[in-house]
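Computed over heavy atoms, backbone and side chain alike; hydrogens, waters and symmetry mates excluded. Numbers restart at 1 for each chain; the letters A, B, ... are given by sequence-line order, proteins then strands.
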There are 2 protein chains.
Amino acid sequence: MEGYQEHSLGGRVFQKIREDILSGKYKENDELRENTIGNELGVSRTPVREALRQLELEGLVTIIPNRGAYVTGISRRDIWDIYMIRSLLEGLCARWAAEHIEEKQLYELEETILLSEFQMKKESGFSAEQIAMLDGRFHAILYEASGSRILSHLLKDFHNYVQAVRKDSVASEDRARKSIREHRQILRAIRDRDEELAEQLANEHIMHVIQNLKKQGYEKENCK
Amino acid sequence: MEGYQEHSLGGRVFQKIREDILSGKYKENDELRENTIGNELGVSRTPVREALRQLELEGLVTIIPNRGAYVTGISRRDIWDIYMIRSLLEGLCARWAAEHIEEKQLYELEETILLSEFQMKKESGFSAEQIAMLDGRFHAILYEASGSRILSHLLKDFHNYVQAVRKDSVASEDRARKSIREHRQILRAIRDRDEELAEQLANEHIMHVIQNLKKQGYEKENCK
DNA sequence: TCTCGTATAATTGTATACAATTAGATTCGG
DNA sequence: CCGAATCTAATTGTATACAATTATACGAGA
């Protein structure tokens, strides 16, 4: 958006630590020492501190005054919750997109779906990375199209949060195909300006992901 | 939760600036200079920087690298969006609370309602401050009762965001009375473990607030 | 051997110093 | 008088220094 996160040291450190938490390099309750991380990344404590404070706000890190910063981590229960919440919000997003979307964005959505379909047709097998990326792009366009700064911001955050899980989700070829078909249906509803249908389809789209998650052991009960 | 926000300088500066933005002391596009704010609060730039970085993450401040921090502000459209989102999420929250709530929390909810009713009966007229506070408490208990760290965190954030507006909302005696009646209905549904009804009532509860907002000029169209 | 207390080391909290970048003023040329 | 280049001041970005707090290790006494 404004380039800060890529430009400044603090921003890069923030992204790096977040990635390391979400990817599992730092595990739950790990202590994050400012000096240690600073040395690893070749920067001073200052940008690291800024990053840790931001991560606390995101809920990935817990700071105890005069003690240190500890990884909060995200449990399977958290993942489950996020998807339940996302289901509602993606529905609302699709509804608003049906109201506000512009021709250019409709075209971009179409393009993303075509690229996804192309990826699935490759003889050499599809790349889960690519599919995850395109899935991300599809939803990102939708977020913009909603015309709501707040909703867009929120859904982007969640998107980052479950980054690691999303890749697992589309790793199954069956799920990937269905997902793309659902994207197409959602696009059609939005193009037809059918708010009701768009909301319902987007809703179900995420619910399907949840059902898929279930198969992979992310059950609701599986929380600690 | 962890005491950092109250304890450390950075945390207090963060809260102070946020308050000043939400209360309107700092207006949209105002430049927030680190030194200026630091001098005003009698602290150095370091905690101010931390606070500004956090506020950027919350969407209240926009940072342009090597240029400065500017107030993003929240438009009426933003407020509207937040309440629309809250409507869905409070519904989900009530549903989950109906599943997980404990006796102690049921009692706390009851107590909060009783205090609200008492406040409305005062001959000297009710205090909007107090009613807003009790309204906040009621919802806060519900957030905890949902048993979802994620959802709770999210709704608390929104709650802070619209702090200023909430007071306006219950300033009308008519709305305040209806609001408390709705709280009572929600509590009953949760106590009966009627998830469906609880969700629906909580949903409508926030929608009623939106309708009330409308009367006060927070129309959806009123966005810039 | 266990416990309590003290001393020392390590870590965070805050302030300051220096570097880098940007905005604004001033001057010079046209 | 206007515009461009350059210099200066102001502001941010980062690193370091110092203060305060906390954790750890060690030793004395029961």
Closest nucleotide among C:dT16, C:dT12, D:dA15 to the A:Pro47 side chain: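 When the side chain of A:Pro47 is considered, D:dA15 is the closest of C:dT16, C:dT12, D:dA15.
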If you check the A:Arg33 side chain, which of D:dA15, C:dT12, D:dG13 turns out closest?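 Comparing D:dA15, C:dT12, D:dG13 against the side chain of A:Arg33, the answer is C:dT12.
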Atom [atom1] of [X] to atom [atom2] of [N]: distance rounded to whole Å?
{"X": "A:Glu31", "N": "C:dA10", "atom1": "CD", "atom2": "P", "answer": "14 Å"}
{"X": "B:Glu34", "N": "C:dT16", "atom1": "CD", "atom2": "P", "answer": "15 Å"}
{"X": "A:Arg45", "N": "C:dT16", "atom1": "CZ", "atom2": "P", "answer": "16 Å"}
{"X": "B:Asn39", "N": "C:dT16", "atom1": "CG", "atom2": "P", "answer": "10 Å"}
{"X": "B:Glu50", "N": "C:dT12", "atom1": "CD", "atom2": "P", "answer": "13 Å"}
{"X": "B:Asn66", "N": "C:dA23", "atom1": "CG", "atom2": "P", "answer": "9 Å"}
{"X": "B:Leu32", "N": "D:dT11", "atom1": "CG", "atom2": "P", "answer": "13 Å"}
{"X": "B:Arg12", "N": "C:dG13", "atom1": "CZ", "atom2": "C1'", "answer": "12 Å"}

In terms of side-chain geometry, is the basic nitrogen of A:Glu110 or A:Arg191 positioned less than 4.0 Å from the acidic oxygen of its partner?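 A:Arg191 and A:Glu110: salt-bridged.
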Run the salt-bridge test on B:Glu50 and B:Arg45 with the 4.0 Å N-O cut-off and return the result as yes or no.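 Here B:Glu50 does not pair with B:Arg45 in a salt bridge, since their nearest N and O are not under 4.0 Å apart.
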Ignoring hydrogens and geometry beyond distance, is the side chain of A:Arg67 in donor-acceptor contact with the base of C:dG13 at under 3.5 Å?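 It does not, because no donor-acceptor pair links the side chain of A:Arg67 to the base of C:dG13 below 3.5 Å.
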Under 4.0 Å between a side-chain N/O of B:Thr46 and OP1 or OP2 of C:dT14, yes or no?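 For C:dT14, OP1/OP2 do not have a side-chain N/O of B:Thr46 under 4.0 Å.
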Would you indicate, yes or no, if C:dG13 has its OP1 or OP2 atom less than 4.0 angstrom from a side-chain nitrogen or oxygen of A:Arg53?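 For A:Arg53, the contact criterion (side-chain N or O under 4.0 Å from OP1 or OP2 of C:dG13) is met.
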Hey, does B:Trp96 have a side-chain heavy atom less than 4.5 Å from the side chain of B:Glu195?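 Side chain of B:Glu195 against side chain of B:Trp96, heavy atoms only: no contact under 4.5 Å found.
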Flag for B:Tyr143-B:Glu90: side-chain donor and acceptor within less than 3.5 Å: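 The answer is yes; a qualifying pair exists.
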Ring-plane angle category for B:Phe138 and B:His183, please: parallel below 30°, perpendicular beyond 60°, tilted otherwise.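 Rings of B:Phe138 and B:His183: parallel, as their planes differ by under 30°.
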Quick check: on DNA chain D, is the nucleotide nearest A:Tyr70 upstream (toward 5') of the one nearest A:Val43, or the reverse? Name the residue that is more 5'.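 Its nearest nucleotide being more 5', the pick is A:Val43.
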